[in-house]
Amino acid sequence: MSRQKPGRNEPCPCGSGKKYKVCHAAEDRVREAAAPPPPSRHPLADDLQAAMEMLRGEDLSRVSSTLEHLGTLLTGWGPVPGLRFDAERFHAHVSRQLEQLTEAVERDPAQARHMLRLSTVRELGTRAFLEKLRATLLARATTAGLSAEDRRALCLGALLASTPKDGRVAAEDRPVLDVLFNVQWREWGAQHGQKLAAGLEAQETDLPEEAREALRKASEGEMEALVKYVESDPGLAARIAQEARERATRVEALMRQPNTPSLLAPEEQVWLTAVLWEPLSALKSPDMDAKARSAAVVTFLGAVRKALDSDKDFLTNLLERVRARSKDAALDDAMRAFFTEAAVAFEAEPVRMVLAAILTSRAEPEARSAEEQVVRADLEAKTRWTAEDLEPYRALLASMNLPAATERILRAQEWLRAHPIELPPAGA
């Protein structure tokens, strides 16, 4: 019989000579009624698509803000199986690591916390855990009553927790694990810290004098007193985290303005261009599907983090320079305020802010002399960079008695000896 359904008064396809309505029409209706319904559309299809589009975009600040919202959701739900590292293993690992990092905490609390986060996600962020986290996030995303923003945050986290078929898991390159660590670290601190959180919603006038003084210094870019106070009183973490998010967003928005000067020094931009060129090129590659785009974003985030881990002087020098400009009397109040906030934001979230400086800044780094401007213009006009191509710039910086800048170009040369890069022609 023909698969095409005839009209009621047409001959039945069975060849009986009867009209279809008096021959096989009733039988076909019974068979159609018994057929299973077509598969329904996945309830998270639109939200997963929105999360994938976010990863495809070049504005990674949206990814950062959505992950922050995910952290807010995880905090509000409290410890839930599948949405936390195993509590006993987390406690054992963190306690053991803190004992080993005692000197580092006293010397550089921010770096010590970074080392703790890195070791924790590597130890606990296994393939099995990532798969469980992904399934739990997707299950949570189907909960009734969630907003579109909630569902997108959960879907983004699930995408970033997805593991490739080849089985390779680089936990330190999974920003969703950073979110999870931050949430669980605050909970652990409240439970095991010296002082438990009490009165999180207290007004600043209710704070001890020590806390008010620490906050005042932080507003001027001096973070050490604030870090030490927060370590002794985890109850301030929620307020400071909110302030940090708002500050980072303001700094990113200002960096997009064409009249805002670059926060990078010329040699820093050259070094970042060298060490990040390959993952940045992959990130901007056209015609990528959602899976490839997600992998490119994760790779780029990991490359920035590794670059900062491998060169501790980079952030130190940047912060010293930005703090000095925040006190420059030649600048107007608005620009000094920008540099003050930028210094605090870079110290609090170095990876996020370096990403913003690379991807959103409109201004080129300011050359310190006409000769440097010419050398950099010649360098940018080249379509291929090798260690030898950077030698004139290194020699110029050495002649200008700029040892830190000279060392930065030496680092870039060392990288290029193993990783020569192809650049697009100027104006391309």
Side-chain angles (χ1 to χ4, degrees), residues 37-87 90 117 121 124-125 127-163 171 173-188 190-191 197 200-201 237-246 248-249 252-253 289-291 293-295 297-298 301 349 352:
S40 59
R41 195 162 182 263
H42 194 285
L44 296 175
D46 291 339
D47 302 299
L48 286 167
Q49 182 63 32
M52 287 188 286
E53 291 295 335
M54 195 183 308
L55 291 175
R56 291 193 185 102
E58 293 189 7
D59 183 6
L60 292 183
S61 63
R62 288 188 63 207
V63 176
S64 295
S65 61
T66 302
L67 287 175
E68 288 171 1
H69 185 67
L70 175 62
T72 301
L73 291 174
L74 296 181
T75 299
W77 289 332
V80 174
L83 296 181
R84 295 291 190 275
F85 297 117
D86 179 81
F90 185 89
R117 176 196 60 77
V121 299
L124 304 181
R127 179 183 179 86
F129 176 79
L130 283 167
E131 290 175 349
K132 184 177 181 180
L133 175 63
R134 176 181 179 275
T136 308
L137 289 171
L138 288 176
R140 279 275 171 169
T142 61
T143 304
L146 295 179
S147 67
E149 183 183 14
D150 295 340
R151 294 194 302 273
R152 281 195 298 270
L154 291 163
C155 287
L156 179 63
L159 290 177
L160 292 174
S162 301
T163 55
D173 295 339
R174 305 290 182 129
V176 66
L177 293 182
D178 293 351
V179 173
L180 186 57
F181 171 82
N182 290 336
V183 171
Q184 197 159 350
W185 165 252
R186 288 193 295 270
E187 293 171 345
W188 185 90
Q191 182 179 357
L200 291 180
E201 304 301 324
R239 183 188 306 173
I240 294 169
Q242 177 63 29
E243 182 182 348
R245 287 192 291 269
E246 294 173 356
T249 300
E252 288 175 347
D289 59 23
K291 184 176 180 181
R293 181 69 185 179
S294 176
V297 170
V298 170
L301 289 169
E349 298 184 82
R352 172 180 175 177

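In what follows, every heavy atom counts, from backbone to side chain, and hydrogens, waters and symmetry copies are set aside.
- Residues meeting the side-chain hydrogen bond (donor to acceptor under 3.5 Å, both in side chains) test with Arg140, sequence neighbours left out: none.
- Two residues are said to be in side-chain contact when any heavy atoms from C-beta on lie closer than 4.5 Å; Asp150 and Thr143 fail this criterion.
- Between the CG atom of Leu83 and the NZ atom of Lys132 there is a distance of 9.5 Å, given to the nearest 0.5 Å.
- Gln184 contributes atom CD, which lies 8.0 Å from atom CG of Leu124 (distance to the nearest 0.5 angstrom).
- Residues meeting the salt bridge (Lys or Arg N to Asp or Glu O under 4.0 Å) test with Glu131, sequence neighbours left out: Arg127.
- Looking only at side-chain heavy atoms (C-beta outward), Ser65 and Thr249 stay at 4.5 Å or farther from each other.
- Taking 4.5 Å as the limit, some side-chain heavy atom of Leu73 sits within range of a side-chain heavy atom of Leu154.
- Here the side chain of Arg174 pairs a donor or acceptor atom with the backbone of Ser162 at under 3.5 angstrom.
- In this structure a side-chain-to-backbone donor-acceptor pair under 3.5 Å is missing from Arg84 to Val183.
- Considering CG of Leu67 and CZ of Arg62, their distance stands at 12.0 Å, rounded to 0.5 Å.
- With rounding to the nearest 0.5 angstrom, the CH2 atom of Trp77 is 11.0 Å from the OG1 atom of Thr72.
- Between Leu159 and Ala51, the closest heavy-atom pair is CD1-CB, 3.7 Å.
- The CZ atom of Phe129 sits 14.5 Å away from atom CZ of Arg134, with the distance rounded to the nearest 0.5 Å.
- Heavy-atom minimum distance, Leu133 versus Ala161: CD2-CB, 4.2 Å.
- Note: Phe85 and Phe90 have parallel aromatic rings, judged against thresholds of 30 and 60 degrees for the angle between ring planes.
- For the pair Leu177 and Gly125, the tightest heavy-atom approach, listed with the atom from each and the gap, is CD1-CA, 4.0 Å.
- For the atom pair Glu68 CD and Arg352 CZ, the distance stands at 4.5 Å (nearest 0.5 Å).
- Of all the heavy atoms in Leu146 and Arg151, the pair that sits closest is O-NH1, 3.1 Å.
- No side-chain heavy atom of Thr66 sits less than 4.5 Å from a side-chain heavy atom of Glu149.
- Thr142 approaches Ala139 most closely through the heavy-atom pair OG1-O, 2.6 Å.
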